[in-house]
Enquirer: 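Got a structure here, written out as structure tokens. Questions coming.
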Amino acid sequence: MPKDLPWHRTLNARMGGITLALFLLSLILILGNLYLLAAIRGDAAAINFSGKGRMRGYQILYLAHRLFDVTGEERAQVLSDLQETMKLTEERFTKLRSGDEALGIPPASDAAILTQIAEREDLWRREFKPVLERVSTLSSLEEAKMDLSRLRTVAKRYIGEIDQGIDLEEREAQERVGQFQLIQYLFAGLVIVVVGMVFRVGWGISTRARLLSATAERIAAGELALSAPVRGSDELAALGDAFNTMTAHLRKMIETEKEARAKVEKLIEAITETANSVSAATAEILAGTAQQASGAQEQVSAVQETVTTVDEVLQTSEQASQRARAVSDSSQRAAESGKSGRRAVDESVTVMGTVKEQVESIAENILALAERAQAIAEIIAAVNDIAEQTNLLALNAAIEASRAGEHGKGFSVVAAEIKALSEQSKKSTAQVRQILGEIQKATNSAVMVTEEGTKSVNSAIKVVNQAGETIRTLADTIAEAAQAAAQIAASAGQQATGMSQIHQAMKNINQVTQQNVASTRQAEKAAQDLNAMAGKLKTMLAS
Amino acid sequence: MSPRRSKPIDWEEARARIARATAAIEGSLELSPERARAVLDERARAMAQMPAAPPPADRLHVVTFALASERYAVEANHVREIARLTAYEPVPGTPEFVLGITSLRGEITMIVDLRRFFGVPIKGLTDLSRLVVLGTEHAEFGVLADEALGVTDLRRQDLAPPPASVAGIGREYLRGVTREALILLDAAALIGDRRLFVDQGGNQDR
């Protein structure tokens, strides 16, 4: 439904409005009927009540006459009945005037009825009631004859009044009934009008819908040039507009379809050409897929070989990793040994220093000894000199003794003795000198040896330092080697991991390659199918 | 003592040896009472053994000395003394066999080299540290010697005349040669030789 349609123009609003109006009218009618019926009922009650008044009038007349027929107890009873009835009659006027709910009497509203009631009351008060009161005081019929006759006339007039009132009320009731009937007729007429309107609207809708449907059928049959009749501005009008728009669009579409068909023909030509080339291409693809299949087969075997090789490499790398770990461990131990070696070398250097000092002190001692030996040699020289001089003295003494002849004999013995002693001491000094010479030689060689020893110690210190340096270098090298071995171990581990990953990857590749082979076969099959389809397409296009 | 020892030193033994040596040195400085007594006893015995044998007439008291490779002897009664030659002064204008002069307790003494005097060829090394001073009443001159050997007795019959090969100037100064090749010089002849006499007047013909 087009949105610009005003709401009060819609079919919905129209139909709904009619229905709502009908409903409201019905409601008003029902309420009016209820009211009128109530009024009618009140009227009926009032008429009834008035009828009862007439009966009261007669009752009073009867009781007034009866008053003189009975005596004593009975008369008192009658009197009280009469008074009771009088009282009730008096109450009736107020009830008539202002209504009584218990009796269903509405208060009097009509002016004629009200004046009639007032006249009646007036009659009652001024004539009927005073006569009646006088009668009730009287005791003999004789005395009451006049009054009783007067009472009968007054009563006649009163009852006539009541009848008049009843007539009035009946007239009013009749009027009301007439009103009620009129309302019923009016409502019936209204209903007929509304139904007529509904029929009219429905008819219009149906006619227009039929027209639209006929138009649609004709459009469906191909009369696209037709345009639907559009009247008014409701939904059907919108529908008609939509129909017209639709047909216009359809016309346009058909035109475009024509153009498209031309294009499709061109396309089909192109497809034919393409089918030809597809046929050729599929042949080539077939050849290619065959090659690919054999290639994939080779790839499968190559991949399997690679997997085997990778397994071997994996084993090797694991072994390498283990060995590298072992090398790392042993090189670490070697590094420890190198450290202790360095400590030993340092200790050796210290000890060598001590040895050197000791050797030097030995050399100094030996030199001191040699110097002491020198002193001994000097002493020995002195002793030797003394011995020589003694020898000479002995010689000279012997010479003197021999020159003295016989007298010098004893002296010559002493001289010989002295000479022997001096020679002995000379010999001893010679021995001492020899020993000193030996000591000198020994000290010389000892000094030389200690010098050599010092030199040896120096060179040993040098060598030990070199050894320490070598060990340090070696330790460093070993540490580097240990680090390198650790790195190698780590690398080997990584290599092993990498190899296992390669192994997994090769397995995947193998799987993929086999899938590839399958795919190639499928491709081959597809190419064959494609070739067949191309052939079929060609024959189809040719026909 | 070898400079290199293959065997390690046994320090215990070395200490023992040092102790022994120390003891020996200390012991050598002072004689034990036994040793002293033994020495004295031996000396006494030696003295007691000396017989009072009369010197035979045929024996000569000689002083023997060595010069170069020869041994010589001179009669003791012609030897004044034997002195050490410590220093000497060569004297110019003296014969070749005069080595020089030296002072013996203030007395100027001429030094004669017998090798040059006898014309014996000089060969080998010598000490030349002794001077055998010849003279009877007083010192005449000193004969250069390597070593004074001592005073000894020499039997006359042991002496042989000098060999004939010894000729020339030296023969008249030789009295004989023993079997031990000890040459007995004629000291008196040497002392009496004018050539060997240093005259104060300076009659030097050579």
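Keep in mind the model is a prediction, meaning the values are calculated, not measured. So that the names make sense, note that chain A is the first sequence line, chain B the second, and so on, each numbered from 1.
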Enquirer: Should we count CD of Gln483(A) as having more than 12 external heavy atoms under 6.0 Å?
Expert: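 Result for CD/Gln483(A): open.
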
Enquirer: Against chain B, work out which of Ser412(A), Ala397(A), Ser402(A) has the most heavy-atom pairs shorter than 4.5 Å and name it.
Expert: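 Maximum pair count with chain B is reached by Ser402(A).
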
Enquirer: As an exercise: rank Glu388(A), Met448(A), Glu417(A) by heavy-atom pairs under 4.5 Å with chain B and give me the winner.
Expert: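 Among the listed options, the one with the most contacts to chain B is Glu388(A).
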
Enquirer: Please check: side-chain N/O of Arg403(A) versus main-chain N/O of Val79(B), any donor-acceptor pairing under 3.5 Å?
Expert: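 Here the side-chain-to-backbone pair exists.
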
Enquirer: Over all heavy atoms of both residues, which pair between Ile399(A) and Ala76(B) is shortest? Give the atoms and the distance, please.
Expert: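 Shortest heavy-atom separation between Ile399(A) and Ala76(B) comes out as CG2-O, 3.7 Å.
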
Enquirer: At a heavy-atom separation under 4.5 Å, does Val63(B) approach chain A through its side chain, its backbone, both, or neither?
Expert: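 Just the side chain, heavy atoms under 4.5 Å.
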
Enquirer: Rounded at 0.5 Å granularity, tell me how far CG in Leu395(A) sits from CD1 in Ile82(B).
Expert: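 That separation rounds to 4.0 Å.
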
Enquirer: Do Leu392(A) and Arg130(B) come close enough that some side-chain heavy atom pair is under 4.5 Å?
Expert: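 Counting from C-beta outward, Leu392(A) and Arg130(B) do come under 4.5 Å.
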
Enquirer: Verify the neighbour count for atom CD of Gln389(A): are there more than 12 heavy atoms of other residues, nucleotides or ligands below 6.0 Å?
Expert: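 Buried by this count: over 12 neighbours within 6.0 Å.
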
Enquirer: Non-hydrogen atoms of chain B under 4.5 Å away: do they reach the side chain of Leu421(A), the backbone, both or neither?
Expert: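 Interface part for Leu421(A): side chain.
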
Enquirer: Would you find more than 12 non-hydrogen atoms of other residues, nucleotides or ligands less than 6.0 Å from Arg84(B) atom CZ?
Expert: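 Counting other residues, nucleotides and ligands, CZ of Arg84(B) exceeds 12 neighbours.
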
Enquirer: Sort Glu400(A) into side chain, backbone, both or neither according to what part of it lies under 4.5 angstrom from a heavy atom of chain B.
Expert: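 It is the side chain, since no backbone atom gets that close.
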
